[in-house]
Amino acid sequence: MHCLAAGLRLPTNALDYTILVLYFAVVLGVGFAARASVKTSLDFFLSGRSLPAWVTGLAFVAANLGALEILGMAANGAQYGAYTVHWYWVGAIPAMVFLGLVMMPFYYGSKVRSVPEFLLHRYGPSSHLLSSVIFSIASVLIAGVNLYAMAIVVEALLGWPQWVAIVVAGLFVLAYITLGGLSSAIYNEVLQFFVILAALVPLTVVGLRRVGGFGGLKDSLVASHGENFVSAWGGTGIGSQNPLGANWLTIVLGLGFCLSFGYWTTNFAEVQRALSARNLSAAQRTPLIAAFPKIFIPLIVVVPGLIALVLEPDIGSAKSGLQYNDAIPLLMSELLPNGVLGLAVTGLLAAFMAGMAANVSSFNTVFTNDIWRAYLRKDRSDEHYLLTGRVVTAVGVLAGMGTAFIASSFSNIMNYLQTLFSFFNVPLFCVFIIGMFWKRATAPAGFWGLLCGTVAALINYFWLYRADVIAIPSDQGANFVSAIVAFVVGGVVMVAVTPFTRPKPVESLAGLVYGTTAPGVAEPPAPGDEAWYRRPAVLGWSALILAALCYIPFSL
C-alpha cells in the first residue's frame with residue numbers, strides 16, 4: 001500500500017476522539033437493539049420484510065454512499081473533472097427509476113431472497129449457481145475496497161497503520177451485522193446517511209470559500225485544464241479528446257446503460273434494501289425515494305475533488321506524492337479545525353462501514369441461501385441457516401480484510417470499482433433483462449450468456465486494453481468498452497443458443513417474464529398509498545426530469 005504524505009496528518013484531540021467513541025457506541029447499541037427482533041432467518045437476511053419506505057429509501061442511498069462513493073468520486077472529480085457527474089445523472093437515476101417501476105414487482109412479488117434466486121426460478125440451477133459464485137466473489141472484493149478506502153483516511157488523519165484501521169473497522173461491522181442482521185445494517189445506514197451529510201457539507205462550503213466560490217473554482221480549472229474540464233459534454237464527440245477518454249456513445253451505452261443498469265438493478269447490496277420493505281408499494285418507492293438525494297450528491301462529493309485539484313494542482317502525479325484517492329483527506333487536512341475534524345472523520349468512518357456492511361450483508365444472504373441452503377446443506381432447520389448466516393458474515397469480513405490489499409494498486413479506486421462492475425454486474429444484467437422480456441430464452445442460454453459475457457469483459461480489459469492491443473485513452477474508457485462488450489457478447493450468445501435448446505413451460509414463467517403475473521402477486525394499495533407522493537410513477541418521472549435539468553449549468 002502507498003504511504004500518505006506525512007503532511008496530511010492532523011493533531012486530533014480529545015474532542016475528536018470523544019465524537020468517534022460516541023458514534024461507535026451508538027452503532028453497537030443499534031446492533032443490540034435489533035438483535036431482539038431477529039428470531040428467524042428471514043428476520044436476519046431481509047428484516048422480516050417489515051420496514052417502511054422512507055427507512056429503506058435512505059438505507060438504499062446510504063449503502064451506496066460509502067467509502068467508494070466519497071473517496072472514489074472525489075478522486076474522479078480531481079482526475080476527470082465535470083465529466084464525473086455522468087455517474088449520477090446518466091449513470092444512476094434512470095436505472096434507479098427502472099428498478100423501482102419495472103423490476104421491483106418481479107423481485108418482490110416472487111418473494112425471492114436474492115437476485116441469484118430469481119435466476120433460479122427463471123433459468124434453473126446452472127445459472128443460479130454460477131451467478132451466486134460470481135456475486136459472492138464480487139461482494140468480497142468490493143467490501144475490501146471499502147476497507148482500503150477507510151484505511152487511507154484513518155492513516156492520514158489519525159496516524160493509525162493501515163492494517164490496524166482495516167482490522168478495527170472490520171470488527172465493528174462484523175459486530176453489529178452479526179448481532180442484528182440486515183435490520184441493524186439498515187438502521188445504522190439511515191443514521192450514517194445524516195452523519196455523512198454533516199461531515200461533507202461543511203467541508204464543501206469551506207472549500208468553496210477558499211477557492212472563491214463556484215466562479216473562482218471554474219476560472220481556476222479552465223485556466224489550468226481547459227474549458228472541457230468543467231463541461232459535462234464538452235469534447236465528447238466521437239474522435240475527440242477529453243480527460244475521461246470516452247465519447248458520448250460510450251458514456252451513454254457503456255456507463256448510462258450497461259454499467260448503470262447492471263449495477264443498480266442486479267447488485268443485491270442495493271436490491272436487498274428494497275426487498276426488506278413492508279409491501280410492494282414501499283419496495284417500489286425505495287429506489288425512487290433514494291433517487292432524489294442521489295441527484296444532489298455530486299455537490300458534496302465531486303465538487304470537493306475539483307477543489308482539491310485547485311489547492312494541489314499536482315495531485316495524482318509523482319511530483320506531489322498524493323494519489324487522486326487522497327483528495328478528501330487533503331481537504332480535511334487543509335480546511336478543518338479540531339472538533340469539526342472529529343465530526344468529519346466520524347462521517348467518513350460511517351460511510352466506510354455503510355458500504356462494507358451493505359456488501360457483507362448481501363454476501364451472507366447469497367452464500368447462505370443460494371449456495372449453502374440450495375446445494376450443500378438442504379432441508380436443515382431454520383436455526384441452522386440463521387447460525388450459518390452469522391458465521392458467513394465473519395468469513396465475509398475476514399475475506400474483505402484480505403482483498404483490501406488488492407485495491408491498493410489503483411491510484412483511483414473508482415477505476416478499480418468500475419472494472420469489477422464491468423466483469424460481474426453487466427453480464428448478469430444482460431441475462432436478467434433478456435430473460436425478463438423474452439419468454440423463449442432458455443436455461444442453457446442463460447448459463448452460457450452469463451459465462452461468455454463475463455469472460456469477454458475479462459479478455460477485453462486484461463488482454464486487449466492492458467496489453468495495448470487496442471488503444472483506449474483511460475481506465476474508465478476501457479471500463480465503458482468492457483461493459484458494452486460484456487452485454488453484447490452475452491446477448492448474442494443467448495440469442496444463438498436459445499433456438500437449439502428447449503424452453504421452460506410457459507406456465508412456469510408466471511411472474512418471471514414481463515406480461516405474466518404470478519398468483520397472489522397483486523395486492524391492494526396500503527392505506528394512504530393513493531397519495532401522489534406515494535405513487536411510484538410520479539416519483540420516477542419527477543426524478544428523471546430533475547436529473548436532466550441538472551445538466552443545464554454544465555452545458556452552458
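Positions are given from 1 along the sequence.
- Proximity of W372 to V392: side-chain heavy atoms (C-beta onward) are nowhere separated by under 4.5 Å.
- To the nearest 0.5 Å, atom CG of residue L119 and atom OG of residue S127 are 6.5 Å apart.
- Atom CD1 in I134 sits 7.5 Å away from atom CG in L428 (nearest 0.5 Å).
- Considering all non-hydrogen atoms of both residues, G57 and A290 come closest at O-CB, 3.4 Å.
- With hydrogens and angles disregarded, no donor-acceptor distance shorter than 3.5 Å links the side chain of D326 to the backbone of P329.
- Aromatic rings from H128 and Y375 are positioned such that their centres are separated by under 6.0 Å.
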- Task: Might you work through the side chain to side chain contact (heavy atoms under 4.5 Å, CB included) test for L539 and V97, ending with a clear yes or no?
- Result: CA-CA 8 Å; L539 290 175; V97 171; over 6 Å; no
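- No side-chain heavy atom of F432 sits less than 4.5 Å from a side-chain heavy atom of R122.
- The shortest non-hydrogen separation linking S131 to P116 is OG-CB, 3.5 Å.
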- Query: Between M104 and L99, does a side chain to side chain contact (heavy atoms under 4.5 Å, CB included) hold up when you go through it step by step?
  - Reply: CA-CA 6 Å; M104 278 317 302; L99 171 63; 3.8 Å; yes
- Query: Going through the distances and angles, do F429 and W264 end up as a ring-ring contact (aromatic ring centres under 6.0 Å, His included)?
  - Reply: CA-CA 9 Å; F429 170 66; W264 290 103; over 10 Å; no
Contacts under 3.5 angstrom, residues 480-490 side chains, donor-acceptor by atom type, not counting sequence neighbours:
| residue | atom | partner | partner atom | Å |
| --- | --- | --- | --- | --- |
| S482 | OG | N460 | ND2 | 2.7 |
| S482 | OG | A478 | O | 3.0 |

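- How far OG1 of T368 is from CZ of R377: 13.0 Å, rounded to the nearest 0.5 Å.
- More than 12 heavy atoms of other residues, nucleotides or ligands lie within 6.0 Å of NZ in K504, so this atom counts as buried by the packing criterion.
- Minimum heavy-atom separation, S136 to I371: OG-CD1, 3.9 Å.
- M73 is listed as a side-chain neighbour of Y88, based on a closest heavy-atom distance under 4.5 Å.
- Using modelled atom types, one side-chain atom of S260 and one backbone atom of G91 make a donor-acceptor pair closer than 3.5 Å.
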- Task: Dump the intermediate steps for side-chain hydrogen bond (donor to acceptor under 3.5 Å, both in side chains) on T419 and N479, then the final yes or no.
- Result: CA-CA 6 Å; T419 301; N479 293 334; 2.8 Å; yes
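- Looking only at distances, no side-chain donor or acceptor of Y123 sits under 3.5 Å from a matching main-chain atom of A441.
- The distance from atom CZ of R373 to atom OG1 of T388, rounded to the nearest 0.5 Å, is 9.0 Å.
- Counting only heavy atoms from C-beta outward, the side chains of N425 and F261 never approach each other to under 4.5 Å.
- You'll find the side chain of F421 stays beyond 4.5 Å of the side chain of V426, heavy atoms only.
- Nearest approach of T501 to V497, heavy atoms of both residues: OG1-O, 3.2 Å.
- Using a 4.5 Å heavy-atom threshold, the side chains of P105 and Q284 count as touching.
- Between F424 and Y263, the distance separating the two ring centers is not shorter than 6.0 angstrom.
- In this structure, the side chains of D370 and F135 stay at 4.5 Å or more apart for every pair of heavy atoms.
- With contacts defined as side-chain heavy-atom distances shorter than 4.5 Å, the pair L451/F447 qualifies.
- For the atom pair CG (L130) and CG (L450), the distance works out to 4.5 Å, reported to the nearest 0.5 Å.
- In this structure a side-chain-to-backbone donor-acceptor pair under 3.5 Å is present from T84 to N76.
- Ring pair F437/F98 is tilted by interplanar angle, where 30° to 60° counts as tilted.
- Salt bridge status for E69 with K294: present, with a side-chain N to carboxylate O gap under 4.0 Å.
- Closest heavy-atom contact between N325 and L71: O-CD2, 4.0 Å.
- In this structure, the separation between CG on L387 and CZ on R380 is 12.0 Å, given to the nearest 0.5 Å.
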- Task: For D475 and Y416, run side chain to side chain contact (heavy atoms under 4.5 Å, CB included): C-alpha distance rounded to whole Å, both residues' side-chain angles, the deciding distance at 0.1 Å, then the answer.
- Result: CA-CA 9 Å; D475 284 346; Y416 174 53; over 6 Å; no
- Query: Run the side chain to side chain contact (heavy atoms under 4.5 Å, CB included) check on W438 and T498 step by step: do they pass?
  - Reply: CA-CA 11 Å; W438 189 25; T498 290; 3.6 Å; yes
